There are 2 protein chains.
Amino acid sequence: MSLRYALLALLRVGPLSGYDLQKQFSLSVGHVWHAPDSQIYPELRKMETEGLIEGEEQTRGQRGTRRVYHVTDAGQSAYAEWMRSPLDYQRVRDPAHLRAAYLENTTPEAARAFLHGHVSEWQSEREQWEQELRRIDARDNPMLVRRLAVTPEADHERTVAFKRFAYEGLVERANGEIAWARRGLELVDRLDGPPDDGRNSPPSRGDSQA
Amino acid sequence: MSLRYALLALLRVGPLSGYDLQKQFSLSVGHVWHAPDSQIYPELRKMETEGLIEGEEQTRGQRGTRRVYHVTDAGQSAYAEWMRSPLDYQRVRDPAHLRAAYLENTTPEAARAFLHGHVSEWQSEREQWEQELRRIDARDNPMLVRRLAVTPEADHERTVAFKRFAYEGLVERANGEIAWARRGLELVDRLDGPPDDGRNSPPSRGDSQA
DNA sequence: TCCAACATGTAAGGTGTTACATGATTTA
DNA sequence: TAAATCATGTAACACCTTACATGTTGGA
């Protein structure tokens, strides 16, 4: 249910087309909330029928058109209300921790592969978020620049501070996940001996029934 | 796609009915992976048609029946293969950090309410996971006890160690989220002054257009 | 006899993924 | 004229949520 509010947050800065929004979702906002175009276009249509946004058909060249949306008063209210409402937290459903809880059922090699994968997954996420933090500091993000342009000078600090706050949280989470997986690798070493260097095999373990 | 592997992980310990499994999902495993009964029963039927498990109809009293499932060889292979396969990480879609990134669009009160909510949500999650850690240490969890009973003595340490590892990771994540939200509360204080104690109002902010 | 627990589902709808489909415009 | 980018979708399917639906059994 957050997709529409992510869209509203972007549209509040100024009118954009579905294509523009989709770009944001594969760049800046996409680091917090991913959505493919196949989800964005229908959602915009739905939001329009519900009166949260209004689209204006623009011509592009001879025959081309693009539909540019802006937020209505109803949309502004809906956004404000969402901001005031408590977040509904989803029930936990965590594939990585699920697998971690059953690593004794596989080989040390598979356990290590999983944990290495976890490290590199979160390293690459962290890299994205750190890059976004640098962009925020350098005011090098088109949406943020547009946003600040329509925000009173006195609120610039707030605006930037909350963006930083969000991305710092994500970086810290990534750090936590990486540290956890590294501890997992140490655990595998301790339980099953150091990784096979290809010359001799550690005692075979894992795959024991149940 | 992890639901079936969570079910297989439980069934590998010994045959269980849909009802038994559903209990586990609202207790032990449910702290890592939640699933309602309306999802479990159909999934079991589907897994049976795919040959991963086999169900045996048992009578209960005069007319009652229960269907007890056990893992087939194909199911064992599928589980082992899943354990060896890389985890597919979902694209980030994080309502809390999404909202955090736009907290300048609301009142300090609403921002504080959100952050307090985040703290208490993760505190309550953490409490669950810490309790599960205590249960693991005390061998006070029926599934773990059954599991250890069918596991060679030499593998008990491994089994317990990976369970601990998984839940420790969740506790650490909760700690991270709580610390982050508390820093957010300090940020709001710094930006908008301390919370209204009901006697005088801090300078009104937020809800600035765009 | 009533209630808690046992036991198993269906139905409707929302959300998200992947693949497919189509065409216009701009730039090299 | 070819390729990149602009622009907007549909279709099928998987997964998950919430609510509804139904009956049995064992114990107080």
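Hydrogens, waters and symmetry mates play no part in the numbers below; they use all other heavy atoms, side chains included. Naming convention: chains lettered A, B, ... in sequence-line order (proteins, then strands); numbering from 1 in each chain. Treat the numbers as computed from the prediction; the structure is a model and nothing was measured.
Per the geometry, CD belonging to A/Q39 stands 14 Å off P belonging to C/dG14, to the nearest Å. What separates CZ of A/R4 from P of C/dG14 is a distance of 10 Å, to the nearest Å. Distance, B/L7 CG to D/dC16 C1': 14 Å, rounded to whole Å. Atom-to-atom, CZ of A/R67 to P of D/dA7 comes out at 14 Å; the value is rounded to the nearest Å. Here the P atom of nucleotide C/dT10 and the CD1 atom of B/I40 are 15 Å apart, to the nearest Å. The distance from atom CG of B/D37 to atom P of D/dC16 is 15 Å, rounded to the nearest whole Å. In this entry the distance linking CZ of A/F25 with C1' of C/dT17 reads 16 Å, nearest Å. When rounded to the nearest whole Å, the span between CG of A/L3 and C1' of C/dG14 equals 12 Å.
With axes fitted over five pairs at each extremity, the angle between the ends of the helix from C/dT1-D/dA28 to C/dA28-D/dT1 is 10° (10° resolution).
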Handout entry: Worked verdict on A/Q76 versus A/R12 for side chain to side chain donor-acceptor pair (under 3.5 Å)
Key = CA-CA 8 Å; A/Q76 298 284 2; A/R12 271 165 48 87; 2.7 Å; yes

Practice task
Evaluate side chain to side chain donor-acceptor pair (under 3.5 Å) for B/H97 paired with A/Y167, printing each intermediate quantity in order.
Solution key: CA-CA 8 Å; B/H97 286 76; A/Y167 283 97; over 6 Å; no

Exercise for the section: Test side chain to side chain donor-acceptor pair (under 3.5 Å) on A/H118 and A/E177 and set out the steps. Expected result: CA-CA 8 Å; A/H118 199 72; A/E177 292 294 329; 2.6 Å; yes

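For B/T72 (side chain) and B/G51 (main-chain N/O), a donor-acceptor pair under 3.5 Å exists by modelled atom type. Put simply, the side chain of A/R99 gets close to the backbone of B/W82: a donor and an acceptor are under 3.5 Å apart.
Take the nearest nucleotide of DNA chain C for B/Y41 and for B/Q90: the residue whose nucleotide is more 5' is B/Y41. Each of B/Y69 and A/R63 was matched to the nucleotide of DNA chain C holding its nearest heavy atom; the match closer to the 5' end belongs to B/Y69. DNA chain D is contacted by both A/P42 and A/R66; A/R66 maps to the nucleotide lying nearer its 5′ end (nearest heavy atom per residue).
OP1 or OP2 of D/dT5 has not a single side-chain nitrogen or oxygen of A/K23 nearer than 4.0 Å. Side-chain nitrogen and oxygen atoms of B/R93 include at least one within less than 4.0 Å of the OP1 or OP2 phosphate oxygen of C/dG16. For B/Y19, no side-chain nitrogen or oxygen approaches OP1 or OP2 of C/dT8 to under 4.0 Å.
Against DNA chain C, the stretch residues 43-59 of chain B makes heavy-atom approaches under 4.0 Å through B/R45.
Among the nucleotides D/dA7, D/dT17, C/dT8, the one closest to any side-chain atom of A/R91 is D/dT17. Nearest to the side-chain atoms of A/P36 among the listed nucleotides C/dT18, D/dC15, C/dT15 stands C/dT18.
The base of D/dT18 sits with one of its N or O atoms less than 3.5 Å from a complementary donor or acceptor on the side chain of B/S38.
Looking at heavy-atom distances under 4.0 Å, B/R60 makes contact with a base.
Ionic pairing of B/D20 and B/R66 is present here: one or more N-O contacts between side-chain nitrogen and carboxylate oxygen are shorter than 4.0 angstrom. Look at B/E132 and B/R126 and you find no salt bridge, because none of the NZ, NE, NH1 or NH2 atoms lies under 4.0 Å from a carboxylate O.
A/L98 places none of its side-chain heavy atoms less than 4.5 Å from the side chain of B/Y5.
Ring to ring, A/F165 and B/W180 are close: their centroids are under 6.0 angstrom apart.
Cation-pi geometry between B/K163 and A/Y102 is satisfied (NZ or CZ under 6.0 Å from the ring centre, within 45° of the ring normal).
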